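One structure is given below, encoded as structure tokens.
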Number of protein chains: 2
Amino acid sequence: MDKPLSGAEITRVTLIESAIGLFAERGYDAVSTRDIADLAAANIGSIAYHFGGKPGLRLACAQHVIGNIAATVGPAFLRPLPPLTPDQALEMIERMMGVFTNFWMVSEGSQSFVNFILREMLVKGEVSELFYSAWMKPMHKRFCELFGIATGRDPASHEVKIAVFSFIGQVFHFRVGQPLIMRRLEWDELGEREAEHIVNGLVKNTRAIVLAYRLQD
Amino acid sequence: MDKPLSGAEITRVTLIESAIGLFAERGYDAVSTRDIADLAAANIGSIAYHFGGKPGLRLACAQHVIGNIAATVGPAFLRPLPPLTPDQALEMIERMMGVFTNFWMVSEGSQSFVNFILREMLVKGEVSELFYSAWMKPMHKRFCELFGIATGRDPASHEVKIAVFSFIGQVFHFRVGQPLIMRRLEWDELGEREAEHIVNGLVKNTRAIVLAYRLQD
DNA sequence: GTCTATAAACAGATAGAC
DNA sequence: GTCTATCTGTTTATAGAC
């Protein structure tokens with residue numbers, strides 16, 4: 001990793017990063033290839049050369065985002081789970097919710113990534129397919145495993161899957177509804193301090209849900 | 001209401017409804033005024049005549065959606081709250097979550113409305129502003145009041161506001177992540193029966209969260 | 001009010017010089 | 001690989017007949 005890039009690779013990556021920023025901000029259809037090339041200080045022809053066209057660039061953006069996410073938070077979802085007590089599993093759920101919330105809400109560098117993903121999720125297509133299989137599904141699966149251990153229930157059951165979707169959904173909404181949330185809470189910015197409030201609230205909710213599902217034995 | 005519409009009004013409404021359907025499906029920027037006029041069996045010129053242009057039509061769509069929502073679920077959010085015991089407030093929260101979930105997830109007619117809103121929420125602008133002030137904010141406020149009564153906490157406090165955002169967010173995610181959810185749950189369609197499973201899960205979570213916040217006195 | 005024809009700007013793709 | 005010039009189709013907006 002971090003090996004020096006050739007000129008062509010620099011152009012390629014710059015185009016991708018510029019495109020992600022613009023797609024995140026305005027949406028795929030509202031961005032022209034000219035805008036992308038200008039921002040990347042490249043020429044329009046380079047998009048056809050490197051990606052075959054605008055749809056190719058879109059897919060390359062998705063792969064770039066997936067790759068980055070997989071490298072940072074992926075291992076936590078794919079590494080096999082050690083044996084855990086119910087309380088340890090609960091603790092791990094809370095910790096993962098904290099990490100996920102921070103990534104999704106505040107982490108500076110991932111701002112564009114997150115908005116890009118959010119927009120693509122509303123579109124049925126190759127890109128959202130990729131996000132689901134490479135990122136959402138493993139995450140959901142891992143939470144289900146942990147939820148199963150923490151509550152004593154079957155991690156493959158509908159009730160567990162639905163409960164996990166619910167508390168993952170909490171986090172999403174804090175992103176989509178961010179404008180309203182900031183106004184309602186009278187926040188001018190969303191920094192570390194504000195994120196901590198949100199994380200605390202979400203962790204508390206998550207704990208409450210887990211405990212409500214826990215079977216006494 | 002339901003008074004006979006003049007010819008011009010029919011054209012106007014048909015254009016709006018066609019536009020909402022297409023905007024919901026593909027997004028504002030991916031839809032051309034020609035497509036809208038064709039679907040509405042009108043001509044391109046009529047969009048300029050009735051709405052001034054494409055942005056005017058977008059706003060008219062937003063107002064149409066807001067108007068419909070306000071007429072159906074609005075009163076429940078604006079009507080002053082009668083005196084309630086904590087348990088009655090909890091029961092009302094659960095009932096409202098059920099109604100909201102049904103509207104947001106399955107209700108046939110509102111499918112386009114919901115997708116239209118979802119897409120517009122990601123865009124900063126006049127339209128999302130309208131949704132926030134006319135729909136999301138009153139709903140959030142009402143849930144906070146009920147949550148305050150149900151838990152004995154200050155409905156204007158940050159912790160209550162955040163908790164309410166959380167469980168509203170659960171519902172949103174079931175919409176955005178619908179493709180993944182249906183695959184993970186091995187559902188082929190999302191009908192009454194499936195919605196009931198989801199509503200039951202959400203109500204259970206909501207109850208758990210409320211009880212976790214309830215102050216003993 | 002409705003509809004058609006057309007204008008002016010813009011899109012993505014491409015051919016070919018360097 | 002890069003960049004420019006250009007092609008072809010499509011976009012929204014508009015002028016004017018009916």
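Chain letters run A, B, ... following the sequence lines, proteins first, then strands; residues in each count from 1. Owing to the predicted nature of the structure, the values given are computational and were not obtained by experimental measurement.
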At under 4.0 Å between heavy atoms, what does A:Ala48 touch on the DNA or RNA strands: base, sugar-phosphate, or nothing?
base
Distance, rounded to the nearest Å, where A:Arg34 contributes CZ and C:dA9 contributes P
14 Å
Atom CD1 of A:Ile44 to atom P of C:dA11: distance rounded to whole Å?
10 Å
What dot-bracket string describes DNA chain C from 5' to 3', counting Watson-Crick and G-U wobble pairs whose defining distances are under 3.5 Å, with [ ] for crossing pairs and | for pairs to another strand?
||||||||||.|||||||
Pair A:Asn68-A:Phe113, side-chain contact (heavy atoms from CB on, under 4.5 Å): steps then yes or no
CA-CA 9 Å; A:Asn68 266 66; A:Phe113 285 7; 3.5 Å; yes
For the backbone of B:Asn115 and the side chain of B:Arg175, can you confirm whether one donor and one acceptor N or O come within less than 3.5 Å of each other?
no
If you define the side chain from C-beta out and look only at heavy atoms, does anything of A:Thr206 sit under 4.5 Å from A:Gln170?
yes
What contact category does A:Ser32 fall into here, base, sugar-phosphate, or nothing, at under 4.0 angstrom with non-hydrogen atoms?
sugar-phosphate
Pairwise distance CG(A:Leu202) to NE2(A:His173) - rounded to 0.5 angstrom
11.0 Å
Rounding to an integer number of Å, can you tell me how far A:Asp29 CG sits from C:dA11 C1'?
12 Å
Chain A vs DNA chain D, heavy-atom contacts under 4.0 Å, first-to-last nucleotide span, 5' to 3', is D:dG1 to D:dT6
Atom CG of B:Asn43 to atom P of C:dT6: distance rounded to whole Å?
16 Å
Is the shortest side-chain N to carboxylate O distance from A:Arg58 to A:Glu120 below 4.0 Å?
yes
Roughly how many Å is it from CZ in A:Phe51 to P in C:dT14, rounded to a whole number?
16 Å
Sub-4.5 Å side-chain heavy-atom contact between A:Phe51 and A:Leu59:
no
Rounded to whole Å, how long is the line connecting atom CG of B:Asp38 with atom P of C:dT4?
11 Å
Do the charged groups of A:Arg26 and B:Asp29 touch, with an N to O distance under 4.0 Å?
no
I'd like to check the side-chain hydrogen bond (donor to acceptor under 3.5 Å, both in side chains) partners of A:Arg184; sequence neighbours left out, ordered by chain and number.
B:His140
Does any N or O in the side chain of B:Lys204 come within less than 3.5 Å of the main-chain N or O of A:Tyr213, such that one atom is a donor and the other an acceptor?
no
First of A:Ala42 and B:Asp35 reached from the 5' end of DNA chain D, by closest nucleotide
A:Ala42
